[in-house]
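Since we're looking at a predicted model, the values are computed, not measured.
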Amino acid sequence: MHSDDTIAAISTPAGRGGIGVVRLSGPDSIKIAASFFRAQSANGPGVPNRAQFGRLIDPVTDELIDEVVLTYFKAPHSYSGEDVVEISCHGSPIILARVLQLSVDRGARVAEPGEFTFRAFFNKRVDLAQAQAVRDVINAQTQYQARVATKQLEGELSSRITPLKNALVEVIVHLESSVEFVEDDISPEVASTLIGKLTNAINALTAIANSFAFGRFVKEGFDLAIVGRPNVGKSSVFNRLIGADRAIVTELPGTTRDALYESTSISGVPVRLIDTAGIRETTDLVESIGITRSRSAIADADISLLVLDASSTLQIEDVELIDSVPEARRIIALNKIDLKNVLDDGMYEQTGANFAHQHDNVMSISALTGSGFEQLTSKIFERLSGDATAERDDIMLTDARQHAAVQRAIEQLADARNWLIRGELEEVILLRLQGALVALGEITGETLTEDILGQIFATFCIGK
Amino acid sequence: MRSDKQFDVIVIGAGHAGCEAAYIAARIGAHTALVTLDANSIGQMSCNPAIGGIAKGHLVREVDALGGIMGEVIDATGIQFRLLNRSRGPAVQSPRAQADRNLYRTEMRRRLSITSNLSIIEGEVAEIKFTGNQVTGVELADGTRIGGRAVVLTTGTFLNGLIHVGKKTFQAGRSGEPASIKLADCIRGIGFKTGRLKTGTPPRLDGRTIDYSKFDRQPGDERPVPFSFKTESINRRQIECSIGYTNEQVHDVIRNNLDKSPLYSGDIQGIGPRYCPSIEDKVVKFAEKSRHQIFLEPEGYDTYEVYPNGISTSMAEEVQHEFVRRIAGLENVKLLRPGYAVEYDFVDPRELFASLETKVVRGLFHAGQINGTSGYEEAAGQGIVAGMNAALTSLGRPTVEFDRAASYIGVMIDDLVTKGADEPYRMFTSRAEMRLSLRYDNADQRLTPLAREIGSIDEPTWERFLKRQSDIAQVKDYLQTARVADLGEERLGELQLGGSADAYGGKRLDYLARRPDCSPQKLLEIIKTSIGSEAHEAQIMVAINDLRYAGYLKDQETLARRRGRYDELPIPAEMEFSKISGLSNEVVQKLTQIRPRTVGQAARIPGITPAAVSILLVATLRG
């Protein structure tokens, strides 16, 4: 299915850069480009998949606009599935605007936001989940986000969901066929096969849904509060945590809290650090840190990292902090373990056990040497995922809409399965199964009734 | 047009669609003519001498609820009745009956001939006449002109009908009956988009030469469930059917002769129904099956003709003889008539409004196989709608359309006028989103009030309907107020419910109706003795069935709405699809041709992708 107009847009972000790209998509792409592009070699533009060096000449004034590289992607082997021409110019906004204007003069239309991807979806070059992923790749602010988004782009989510949809369709086909054509009741063996298929689907979808616990943070970032009394080494801990990601510091969508926050990332996952005490200062402490200020930061945080100084005894302030941070979102870091662990010695003397025995989620680290930080990072992510052990690189849902759809599918399938076991009427079970199919279809695209009828015909034929 | 005779409605073709159309038009009060090539073949069953089946039985009941005639005729002439899917839920139960083929035909003709306002005219319609874009009547081959304000075209398989038996091909609409060629030319001349479809039929067998000992028997129901709401009970003697199978030898013969099959030699252009394949189709497509089921259906009480359901074929006669004789029990069978395939023209149903009136010619209606459907019941369902609307139009009254959420007739018509027919359309329960609400036993609840408004049913019928409704309400009331605890241990024990008595101790009887482990039959017995026999069993069952699904109706609605959240959103009549940016030529063309009234209808058009629907939706919402 092809549109009949040709769209054009500047595909690189606004501002200056070394290169800027104007992209055309549609049946007249080559014709339009040819009107102002002169290839250096003898060939005109229009050799597919070949970068051609040439000049942009204003067709009216004959003026040289720029020296460019033009690449032509012939339908359907292009991003949008249509004929695509990409013109790489020098990244001057003026030149790019001129090229765009020339294209429009020659019959192109300025593309609506996302329209190239829309056409790609239209032409079935990408499905719905992939189309969304394109948007996410563009918006990805961290490398990790980019990787997750790229995986989605390559259709991983769809490729996990599609087999489940197919299994579901098989169950639907079976039940519909038995209703329409065959009069015998479903035999126990067949029933248990159907139940088995539903159980598998439920389990697989549950694993995908669970990945949202973490996936949500990958996309939207999480809020981290680092608290502790002065001099425990909060800023060193912070610097170690963000480590190599230090270079990637961008603005994430703002929040309405009045505490200071810094946007950065840990291992590629965006994090908003709630600054409780001027951690970004080069000196380690600000004398007037208030417990109240810490408290409000802790309340807002997804994870609170409570830092203690292992080289000194436990102080009252420490204990107050421990009490005030809810356990569900807390990690306690014993810092400075490169020195003598005075804290544990004291604990042992008093209670007969060391600190880690008294509390959960205690990590021993040294901001100075870096010891224990790999484990600390893992622990942070573990606690974020609600302590579910999701592989960091496993398929991940990052989109709340997709998550809601998967949840709905799971609920419907669970009902259907229970009803099947209970011997409920087929047409009622089918309601739930159809509902689950619609929910999954919201992620990858519709499954039409006609498709199901077609499958029924492929496997059965009517008797009387 | 100067005419020899003048009518309000002219119906062309007296098949199952034509009979319904003519009957209802006359009943509504339109002066009606039914024109047929041969008065003796009014109501002829071309193929299977049976009415009903899953989803098809639903259609017959709906036709009856609207005041149609098919249900009464089959009740009067059926020789075996079975309610299908008895062990399943009521929404998927459907009645089916085999008819005495001759009796059905003569009974249909008799009833039509005593219907006032209806004239039967024998003749071949050669042309449909119109002035501008308004129909004015028809002209017969012999030159006779008949004037009419509305014309209903129900030509079945006769338009350019071509019959294939092996290599033998000849023009015919049905075995022994001529095709309609002139009319077909006329229709193409109007400019309708047409296509070719095909359907097949098996040979007819001489029952005296069948060895029935090799077949299993299948009796009818002890107490037949009638099709018509007007029928109290059916007390006729029922015949038995026989069930047998093909075998590998049969399949070998067929495989060895495929090159002589018109289907495989490419002689037949039309597309056939996937779900009613010929035996050649079955043997090729389901090669791994070592046998296919056959039902031997006697064609009447007094005839020895037998219809073998399941071996539809268009192979050459000699080949038919060969493979049929390899079936166990049919070694010595005599073929009375060979099976054949018939190819015919149909008109793209997207040329129609939901009233079944064509978009280009006012007053012209199409119903039945001409719209690309297959089946007598599907034809009758359209026939009654076309007949109704033709009559209403001719009388200057507004037409009616049927909602797909309220009837299978509505589902069928919406499917046809929205999606067209790329293969013969047959009704299935899975086509209906509101399947749980469209039961065979509540067709009158859904449609009889409309019939009353239109005037297609008489006063006694309406009174009986009201009585039934009040009985049902009475039973429901009882079920919703009577307590389980009051039933007494003995009767409760009869129900044999699982689980502890605590679960249902404090509940009302309607709770029992909803439990999957509570047998509706047993519950019916209890109700009968409690309430007395004022309400008939059929009504008690309707009340129970309503309650059985009550909890799921909301889910059904939610799902239907989820599938089409903006289903009802109307598209402005003046919307110019070509002006919406982002729609391809093809999509614009489809939308312009079909002119969907709602976004939902647009979404159901094949080839309109979800992306296009989104664009259309946004354009509609933006205004």
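The distance from atom CD1 of A:I429 to atom OH of B:Y552, rounded to the nearest 0.5 Å, is 9.0 Å. Atom OG of B:S584 and atom CG of A:D5 lie 10.5 Å apart (nearest 0.5 Å).
Salt bridge A:E424/B:R515: absent, no basic N to carboxylate O contact under 4.0 Å. At a threshold of 4.0 Å, the pair B:D517-A:R422 does not count as salt-bridged, since none of the basic side-chain nitrogens sits closer than that to a carboxylate oxygen.
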Criterion side chain to side chain donor-acceptor pair (under 3.5 Å) on A:E180 and B:T429, from CA distance to verdict = CA-CA 7 Å; A:E180 302 282 0; B:T429 62; 2.6 Å; yes
Report the C-alpha distance between A:E427 and B:R439 in whole Å, list the side-chain angles of each, state the deciding distance to 0.1 Å, and finish with yes or no for salt bridge (Lys or Arg N to Asp or Glu O under 4.0 Å).
-> CA-CA 12 Å; A:E427 60 275 20; B:R439 309 192 317 255; over 6 Å; no
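With a 6.0 Å radius and a threshold of 12 heavy atoms from other residues, nucleotides or ligands, A:Q101 has its CD atom above the threshold.
Looking at A:R432 and B:D555, their side chains come closer than 4.5 Å, going by heavy atoms from C-beta outward. In this structure, A:L425 and B:R548 have side chains that are in contact, with non-hydrogen atoms separated by less than 4.5 Å. No side-chain heavy atom of A:V179 sits under 4.5 Å from any side-chain heavy atom of B:F428.
Between the B:R88 side chain and the A:S178 main chain, a donor and an acceptor come within less than 3.5 Å of each other.
Not a single side-chain hydrogen bond (donor to acceptor under 3.5 Å, both in side chains) links B:Y440 to another residue, sequence neighbours left out. Take B:Y245 and apply the ring pair (Phe, Tyr, Trp, His ring centres under 6.0 Å) test, not counting sequence neighbours, and it matches no residue.
Taking all atoms of both residues into account, the shortest heavy-atom contact from A:L430 to B:R435 is CD1-NH2, 3.4 Å.
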